[in-house]
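Chain identifiers are assigned alphabetically (A, B, ...) following the order of the sequence lines, protein sequences preceding nucleic acid strands; residue numbering begins at 1 within each chain.
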2 protein chains.
Amino acid sequence: MITAMDIAHETTRTQLLQAAFAEIHRHGFQAAGLSEILRDTGLTKGALYHHFPSKHALGLAVVDEVIQGWLAKAIFQPLEEAEDPYQTLLTLLDQRIHGMDDEAVKWGCPLNNLIQEMSAVDADFRDHLSVILTRWQGVVQVALTRAQAQGRVRADLDCEAASLFLVAAWEGCWGMAKNRQSPAVFRQCLHELRDYVRGLA
Amino acid sequence: MITAMDIAHETTRTQLLQAAFAEIHRHGFQAAGLSEILRDTGLTKGALYHHFPSKHALGLAVVDEVIQGWLAKAIFQPLEEAEDPYQTLLTLLDQRIHGMDDEAVKWGCPLNNLIQEMSAVDADFRDHLSVILTRWQGVVQVALTRAQAQGRVRADLDCEAASLFLVAAWEGCWGMAKNRQSPAVFRQCLHELRDYVRGLA
DNA sequence: GTAATCATACCGACCGGTCGGTATGTGTCA
DNA sequence: TGACACATACCGACCGGTCGGTATGATTAC
């Protein structure tokens, strides 16, 4: 049974997660300040440390729930459920090419940011991020393999290597655009990546 | 005239730059501790703040001198001086594919690390890093254009877009390998990138 | 009542930066 | 040549402020 308390619990927890995500997105995990998160939510230390035992745990929860949740809905599910995975892959790229504003480019890809910052420093973060990355690559790999079976991709393609490179290059485009602070650069970069995918046919 | 004092001055400054580079490479700029740098060098706060007005200035000096200096010697010059730029490009990729140890993969690409961490946070860092990135892309672009003139690359290639993507994907490979902490992943990833370059012919 | 939920007050550690001081060199001039 | 003035290079104690974390109190729901 879901009580009113559970709802309040969830909303408070969700508030904290969302605010923490935004703060981490802008400043990175290590430089993220709890005070900023509390200011944004209007909550206090007591609330935060009631729901999360530490800043570290809060960060991992952001990775597991907010970031992975978003990717699952925006990328993983569409690819897995697609009847034409190859076309869906191109469509997803197109969506990114066209629907990218200054704000998004400015702060970069939340996943990529954390990967660069935390992978070498904290084993827990690395593992949780690795789960997402592996999942992502796996989804793309399955999509390519299915496309291969449908004859839309050359038969001799190494789908594992290609999916690995695709995800890596994708994040690389984010980084390039982030430094230049330019959606145009991001579009140009992703456009080349789409040509690479086109070349797989 | 170079006096003994000048020599002492330069070596101390170089020591600080090298130690700062190592510390920043491992922990990022914001998380880098001056105390750690001082411990490594055996110097003190007084020495550091004699040579650099702030931690911020020290970081920018690391970018301008250490990082850019290394790239200039390892990548920019070979590409610019190459008689066969296309082959040189492939050779540089091969060198990276084979000469990459656990330690290097663990801490990631120093340039990429700083780009992700600092581009959105600090305008000075972004500008200094952007100079390097632009230079890098420019060198690759010139190399591709020359290769085009030599007939080693298809005539209809957009060298600007390709060079942009190449640098972006390159850094993306670093990020992927850093998360997996695996030189094998890096090699596999760069191998795909080399195939992309091969496809430009 | 009692357990969950959140607020308030506060602690200790750490960090970038400052500052007075010292030691060692360099240039000048008698 | 040697004494004086000054600049450079470096030391290390210290400060203000921030930050993650804790202990405890108040409120609410069941």
Side-chain angles (χ1 to χ4, degrees), chain A residues 1-63 114 117-118 121-122 124-125, chain B residues 1-63 114 117-118 121-122 124-125:
Chain A
M1 171 190 175
I2 296 177
T3 66
M5 211 165 177
D6 288 333
I7 292 174
H9 181 98
E10 267 312 311
T11 52
T12 297
R13 208 185 109 96
T14 302
Q15 267 187 312
L16 288 167
L17 280 176
Q18 290 297 335
F21 168 77
E23 172 70 3
I24 292 173
H25 189 197
R26 293 196 183 86
H27 299 94
F29 174 74
Q30 301 183 87
L34 298 184
S35 52
E36 194 69 23
I37 297 172
L38 299 178
R39 175 132 48 87
D40 289 350
T41 56
L43 295 167
T44 61
K45 283 262 178 86
L48 200 161
Y49 277 89
H50 173 72
H51 291 278
F52 303 96
S54 65
K55 182 191 177 187
H56 187 257
L58 173 63
L60 292 181
V62 167
V63 171
L114 282 175
E117 179 190 2
M118 301 302 296
V121 178
D122 185 287
D124 291 324
F125 268 91
Chain B
M1 172 191 175
I2 295 177
T3 65
M5 214 163 176
D6 289 334
I7 292 174
H9 182 98
E10 265 314 310
T11 53
T12 298
R13 207 185 108 96
T14 302
Q15 267 187 312
L16 288 168
L17 280 176
Q18 291 297 336
F21 168 77
E23 172 70 4
I24 292 173
H25 189 197
R26 293 196 183 88
H27 299 94
F29 173 75
Q30 300 183 87
L34 298 184
S35 52
E36 195 69 22
I37 297 172
L38 300 177
R39 175 131 48 88
D40 289 350
T41 56
L43 295 167
T44 61
K45 282 270 179 76
L48 200 160
Y49 278 88
H50 173 73
H51 291 277
F52 303 95
S54 64
K55 182 191 177 188
H56 187 257
L58 173 62
L60 292 182
V62 166
V63 171
L114 282 175
E117 179 190 1
M118 302 302 295
V121 178
D122 185 286
D124 291 323
F125 268 91

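- Residue B:Lys55 is in sugar-phosphate contact alone, with no base atom involved, counting any heavy-atom pair closer than 4.0 Å across all strands shown.
- Here B:Gln18 pairs with nothing under the side-chain hydrogen bond (donor to acceptor under 3.5 Å, both in side chains) rule; sequence neighbours left out.
- Contact between the side-chain N/O atoms of B:Thr12 and the OP1/OP2 oxygens of D:dC10 is found at a separation under 4.0 Å.
- In plain terms, the two heavy atoms of A:Gln15 and A:Leu43 that are nearest each other are OE1-CD1, 4.0 Å.
- Nearest to the side chain of B:Lys45, among D:dC11, D:dG12, D:dG21, sits D:dG12.
- Counting all heavy atoms, side chain and backbone alike, A:Ile24 lies closest to A:Gly59 at CD1-CA, 4.3 Å.
- DNA chain D is contacted by B:Leu43, B:Thr44 of residues 25-44 of chain B, taking any non-hydrogen atom closer than 4.0 Å.
- Nearest heavy-atom pair, B:Thr44 versus B:Leu38, reported as atom, atom and distance to 0.1 Å: O-CD2, 3.5 Å.
- Under the 30°/60° scheme for interplanar angles, the aromatic rings of B:His56 and B:Phe29 are found to stand perpendicular.
- Put simply, B:His56 has no side-chain N or O that comes within less than 4.0 Å of OP1 or OP2 on C:dG17.
- Atom CG in A:Leu48 sits about 13 Å away from atom C1' in C:dT5, given to the nearest Å.
- If you find the closest nucleotide of DNA chain D to A:Gly46 and to B:Gly46, the one lying nearer the 5' end belongs to B:Gly46.
- By the ring pair (Phe, Tyr, Trp, His ring centres under 6.0 Å) test, A:Phe21 is found to be paired with A:His25, residues two or more places apart in sequence or in another chain being considered.
- At D:dA9, one or more side-chain N or O atoms of B:His50 fall inside 4.0 Å of OP1 or OP2 (strictly under the cut-off).
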